[in-house]
Amino acid sequence: MIKYWSILPLFHQLDPMDPYDPKSLEAEAQQLWADNGVFEVDEDPARESYYCLCMFPYPSGKLHIGHVRNYTIGDVISRFKRMLGFNVLQPMGWDAFGMPAENAAIKNNVPPASWTYQNIDYMRGQLKLLGFGYDWKRELATCKPEYYRWEQWLFTRLMEKGIAYKKTAPVNWCPVDQTVLANEQVIEGRCWRCDTEVERREIAQWFLKITDYADELLADLDKVEWPEQVKTMQRNWIGRSEGMEVEFEVPGHDSLMIYTTRPDTLYGATFMAIAAEHPLALKAAEQNPEVAEFIEACRKTNTSEAALEKMEKLGMAIGINAINPVNGEQIPIWIANFVLMGYGTGAIMSVPGHDQRDWEFARKYGIEIRQVVEPADGSTIDLEAGSFVTKEGRGCNSDILDGLDFEAAFDRIADHIEAQGKGSRQVNYRLRDWGVSRQRYWGAPIPVINCAACGNLPVPEADLPVVLPEDVEFEGIGSPIKKMDSFKKITCPQCGGPAERETDTFDTFMESSWYQERFCCPDQNEAMLDARAGYWSPVDLYIGGIEHAILHLLYARFYHKLMRDEGLIESSEPFNRLLTQGMVLKDGSKMSKSKGNTIDPQDLIDRYGADTVRLFIMFASPPEQSLDWSDTGVEGAFRFLKRLWAAVQEHIAEDTGEASFDKQSLNDDQKAMRLKLHETINKVTDDFDRRLTFNTAIAANMELLNSVTRFEDDSVPGKAIRQEVFDSMVLMLAPIIPHICHRLWRDLGHDSLIIDHRWPEVDATALVQDNIEMVIQVNGKLRGKMQVVVDAERDVCEAAALKNDQVLRFIGDNPVKKVIVVPGKLVNIVI
RNA sequence: GCCGGGGUGGCGGAACUGGUAGACGCGGCGGAUUCAAAAUCCGCUGGUGGUAACACCUUGGGGGUUCGAGUCCCCCCCCCGGUACCA
């Protein structure tokens with residue numbers, strides 16, 4: 001703990017009537033924190049740890065207001081937990097790989113690395129100006145080899161375990177720029193740079209078998225304290241379903257394997273749909289130029305799910321039939337643009353009677369729609385109007401399934417098909433394996449060597465890391481390392497022959513999947529993680545945007561389990577509690593450069609100081625809701641700080657001496673002041689700890705400041721109560737507006753750092769009241785109020801209510817039918 | 001399309017477990033201070049009617065449950081996030 005005597009020279013001479021000057025007092029506080037390493041922490045088994053982590057930023061150039069919100073929330077909670085006595089870790093780093101750096105390189109001809117490092121330097125300065133209590137010793141950037149080498153190392157381990165594997169998957173391809181495009185770079189089906197129509201291509205890529213962990217990822221959601229909506233989104237994303245794999249024979253060709261969750265509708269299958277890239281489709285195209293043309297047309301669609309679902313569903317029959325295993329019927333095989341080769345088997349069975357998408361397709365192409373499920377209540381349905389999608393019906397026109405409900409029909413047909421060897425019960429997931437290959441430069445190189453003789457080999461551990469060359473020039477859009485022989489050409493570690501390095505890089509979600517563990521031991525050069533991770537991890541509270549509810553958070557959970565199974569860590573989940581922060585809006589819509597409605601945090605810091613920015617952000621709305629930016633609201637926050645400053649300065653200017661008070665002999669106003677204070681401490685503590693609603697905590701302190709300003713009592717106990725109020729208020733506000741409170745704490749006569757002081761405690765005796773107010777309603781409408789003793793019995797309340805003048809007016813001559821008493825709250829008289 | 005969330009005064013929001021709708025702040029109006037302005041301080045401020053006391057209406061729209069609904073249930077509208085290569 002640092003005592004003031006050691007740092008006094010840093011402060012101005014105290015003049016109680018100094019105006020509030022955020023610039024100098026914030027600089028002084030920040031300097032003191034930095035010089036004394038106030039937020040640097042070490043593992044201390046004697047103390048309980050609290051690991052508070054905010055999603056680290058992509059170094060895009062400068063902080064945007066969403067960052068400021070995210071990091072203010074994290075800093076407020078970290079400082080609060082520290083005041084409760086926890087050993088708090090709050091680190092910060094940089095999610096430094098990604099596309100914007102490449103775009104900047106193409107546009108401005110600067111290497112992505114130097115652009116990134118410059119941005120990091122600038123943004124680090126901004127974070128320091130905001131006064132966030134980070135342990136800067138632990139700072140990391142994911143683009144540094146000492147970071148990504150461990151990711152490469154783990155990947156080689158996963159290759160050996162078979163969790164990393166290679167298969168083809170679709171990408172967006174620009175035929176002019178000769179490069180792969182991200183979904184974001186495809187604007188209405190065209191390349192964002194050259195406006196060429198984008199094609200879909202199937203290329204070989206690396207995958208991680210996240211589906212092997214699907215059940216555990218699902219089950220472990222019950223172990224974490226996350227918002228229910230995020231858990232629901234993840235459950236739906238994983239999408240566990242119980243169904244069957246069924247084999248359809250195709251005379252003269254390989255059979256088609258399909259998966260269905262509705263084997264009870266097998267008798268209603270009237271066609272099959274396959275992907276344009278399916279081998280059977282390609283074979284048909286050889287015979288039929290029209291089919292070839294259609295396949296070509298199918299390639300003109302985006303790979304994104306939203307685009308795929310919204311586009312017009314198109315198909316073409318290939319003139320080959322499949323045999324339905326349940327009834328031997330021959331049904332036509334169609335190529336359909338909404339079936340993708342990369343997902344499942346690239347083939348589906350279609351039951352237009354009982355699936356809406358199949359129904360629309362069948363309607364369009366005049367394919368038979370057959371009813372095989374009927375309503376259980378015996379009513380009739382109209383398949384001309386739409387499909388009948390339900391699991392509540394019973395089978396019809398289905399031979400052995402007729403009259404059976406869903407469960408019975410499922411079992412009957414499953415037994416039947418399994419007995420015939422034409423398929424089996426199967427649990428399936430909507431979740432697909434994680435494609436980690438990116439055909440881009442600014443990412444961690446995938447540590448693989450491609451040898452014509454030996455195949456795909458992991459780079460031997462001794463040769464790691466595979467370092468990404470940072471001094472590169474962009475010629476066009478493609479990745480420079482794909483043409484760089486000095487990087488590419490290598491000898492095979494197995495046969496010694498010529499080989500090539502993999503030039504794809506990792507998805508940047510790889511880096512952000514484990515940084516939270518590396519923060520525990522960022523200087524460890526011998527291993528990915530060490531025992532220190534065991535002290536801090538898992539993260540106690542993780543804070544970030546709701547937009548990460550599925551992908552990032554699911555990948556990080558998966559990666560954590562991979563590290564656990566590698567023996568690197570003991571826990572199964574990375575983030576115990578999650579706080580998803582809402583977006584920052586301006587005039588009700590998202591800020592964007594094109595709309596010109598962006599707010600630059602730097603301007604605000606320059607004009608008002610960090611405390612005002614922090615206060616406004618925390619006051620404007622609760623963290624989980626979106627926040628609408630308001631310039632006048634910022635003024636209001638600044639005004640509050642000035643009032644707080646002036647009120648404390650005025651208090652310390654009066655001579656309080658050794659003022660004290662005796663709880664037993666206070667007058668009514670003094671009691672009321674202390675009641676207000678301790679009610680506020682009670683509420684604010686709950687708001688900070690359980691509810692995480694800092695806006696109401698701030699509002700409560702504003703009320704308290706209003707009350708204490710009106711508390712004009714110059715007696716000795718009065719002064720002492722005022723000191724108690726200001727001490728508590730400054731402590732309660734310190735996590736939110738740390739600079740001004742740091743200063744006011746000393747002005748109030750304390751010689752320790754406020755960050756090292758304990759959070760204020762409620763004095764239960766101050767909360768005791770004699771009388772309370774109760775509301776009286778007539779037929780549920782408020783008609784009167786009354787004072788009763790604090791623990792008045794029901795009948796006392798009722799009798800008092802029925803004597804109330806206002807109430808009697810409303811009752812009039814009507815007989816009272818019923819009286820409802822909610823003790824301590826209200827009396828409702830029903831007439 | 002699918003999954004998830006949201007909609008309360010002129011504005012941001014409060015109302016935590018079905019129990020006083022609108023705390024706190026912004027804005028607005030009026031006043032004090034000032035030569036004047038800024039800043040600051042004090043008062044009023046959901047809508048409609050009324051001189052007033054007061055009454056009625058009001059939580060996106062429609063219906064329901066309940067003594068009582070912003071809160072629970074059903075239907076609809078609008079906005080936002082995600083949708084697997086934006087991070």
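Residue numbering restarts at 1 for every chain, and letters A, B, ... go by the order of the sequence lines.
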Indicate every side-chain donor-acceptor pair of residues 201-210 of chain A with a distance under 3.5 Å to a residue at least two apart or in another chain.
from, atom 1, to, atom 2, distance (Å)
Q205(A), OE1, Q439(A), NE2, 3.4
Q205(A), NE2, A169(A), O, 3.3
W206(A), NE1, E502(A), OE1, 3.3

Validation: residues 57-66 of chain A side-chain donor-acceptor distances under 3.5 Å, sequence neighbours left out:
from, atom 1, to, atom 2, distance (Å)
Y58(A), OH, A101(A), N, 3.1
K62(A), NZ, D600(A), OD2, 3.4
H64(A), ND1, G66(A), N, 3.0
H64(A), ND1, H67(A), N, 3.4
H64(A), NE2, H67(A), NE2, 3.4

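Using a 4.0 Å heavy-atom criterion, one finds that V819(A) contacts no nucleic acid atom at all. K825(A) comes within 4.0 angstrom of sugar-phosphate atoms only, judged by non-hydrogen atoms across all strands, and of no base. L308(A) comes within 4.0 angstrom of no nucleic acid atom, judged by non-hydrogen atoms across all strands. If you check every strand for non-hydrogen atoms under 4.0 Å, Q205(A) touches a base. Within 4.0 Å of N701(A), counting heavy atoms only, lies no atom of the nucleic acid at all. In this structure, E624(A) reaches neither bases nor backbone, as no heavy-atom distance under 4.0 Å exists between it and the strands shown. Note on H548(A): a base of the nucleic acid sits closer than 4.0 angstrom, heavy atoms only. Looking at heavy-atom distances under 4.0 Å, M583(A) makes contact with sugar-phosphate atoms alone, never a base. Heavy atoms of K817(A) sit nowhere under 4.0 angstrom from any nucleic acid atom.
Spacing of P atoms, G6(B) relative to C74(B), comes out at 15 Å, to the nearest Å. Between C73(B) and C78(B), the distance separating the two P atoms is 22 Å to the nearest Å. Taking the P atom of each, C16(B) and G28(B) are spaced 31 Å apart, rounded to whole Å. To the nearest whole angstrom, the two C1' atoms, one in A55(B) and one in A39(B), are 43 Å apart. Straight-line distance between the P atoms of A52(B) and C72(B): roughly 39 Å, to the nearest whole Å. Annotation: C3(B) and U8(B) have their C1' atoms spaced 27 Å apart (nearest Å). Atom name P, nucleotides G70(B) and U20(B): the rounded distance is 10 Å, in whole Å.
The CG-C1' distance, from L551(A) to G82(B), rounds to 8 Å in whole Å. Taking atom CD on E712(A) and atom C1' on C41(B), their separation rounds to 12 Å, with Å as the unit. R710(A) has its CZ atom 8 Å from the P atom of C42(B), to the nearest Å. U83(B) atom C1' lies 7 Å from atom CZ of R430(A), rounded to whole Å. Atom CZ in F810(A) sits roughly 12 Å away from atom C1' in A53(B) (whole-Å rounding).
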(message) So if I define the base as every atom that isn't primed, P, OP1 or OP2, how would nucleotides 3-18 of chain B read as a B/S/- string at a heavy-atom cutoff under 4.0 Å?
(response) SSS------BSSSB--
(request) Take nucleotides 65-70 of chain B nucleotide by nucleotide from the 5' end and write B, S or -, depending on whether a protein heavy atom sits under 4.0 Å from the base, only from the sugar-phosphate, or from neither. (result) --B---
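Listed by first and then second residue, the side chain to side chain donor-acceptor pair (under 3.5 Å) pairs involving residues 772-786 of chain A amount to none (not counting sequence neighbours).
In this view, E712(A) satisfies the salt bridge (Lys or Arg N to Asp or Glu O under 4.0 Å) rule with no residue, not counting sequence neighbours. The ring pair (Phe, Tyr, Trp, His ring centres under 6.0 Å) check on W434(A) picks up Y555(A), with sequence neighbours excluded. For F711(A), the ring pair (Phe, Tyr, Trp, His ring centres under 6.0 Å) criterion is met by no residue, not counting sequence neighbours. Under the salt bridge (Lys or Arg N to Asp or Glu O under 4.0 Å) criterion, K683(A) pairs with D687(A), sequence neighbours left out. Every residue two or more places apart in sequence or in another chain that forms a side-chain contact (heavy atoms from CB on, under 4.5 Å) with E312(A) is listed here: L314(A), K364(A).
Secondary-structure annotation of RNA chain B gives the stems B:1-7 with B:77-83, B:10-12 with B:24-26, B:27-32 with B:40-45, B:46-49 with B:54-57, B:60-64 with B:72-76, with a stem taken as at least 3 successive Watson-Crick or G-U pairs whose two distances both fall under 3.5 Å.
Atoms CG and CG, on L733(A) and L644(A) in that order, are 6.5 Å from each other to the nearest 0.5 Å.
Listed by residue number, the members of residues 634-643 of chain A with any heavy atom below 4.0 angstrom from RNA chain B are G636(A), R639(A), K642(A), R643(A).
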(request) Determine, stepwise, if the pair N172(A) / N183(A) fulfils side-chain contact (heavy atoms from CB on, under 4.5 Å). (result) CA-CA 7 Å; N172(A) 303 305; N183(A) 284 334; 2.9 Å; yes
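The aromatic ring centroids of Y559(A) and F509(A) lie 6.0 Å or more from each other. Here the two rings, on F688(A) and F694(A), have centers that are under 6.0 Å apart. Separation of the F338(A) and F361(A) ring centroids falls under the 6.0 Å cut-off. Centroid-to-centroid, the aromatic rings of Y147(A) and W514(A) come within less than 6.0 Å.
The pair K482(A)-D504(A) counts as a salt bridge, with a side-chain nitrogen and a carboxylate oxygen less than 4.0 angstrom apart.
Position along RNA chain B of the nearest nucleotide to N183(A) versus I698(A) favours I698(A) as the more 5'-ward residue. The residue among L782(A) and P57(A) whose nearest nucleotide of RNA chain B is located toward the 5' end is L782(A).
Residue E360(A) forms a side-chain hydrogen bond (donor to acceptor under 3.5 Å, both in side chains) with just one option from Q356(A), R357(A), R363(A), and that option is Q356(A).
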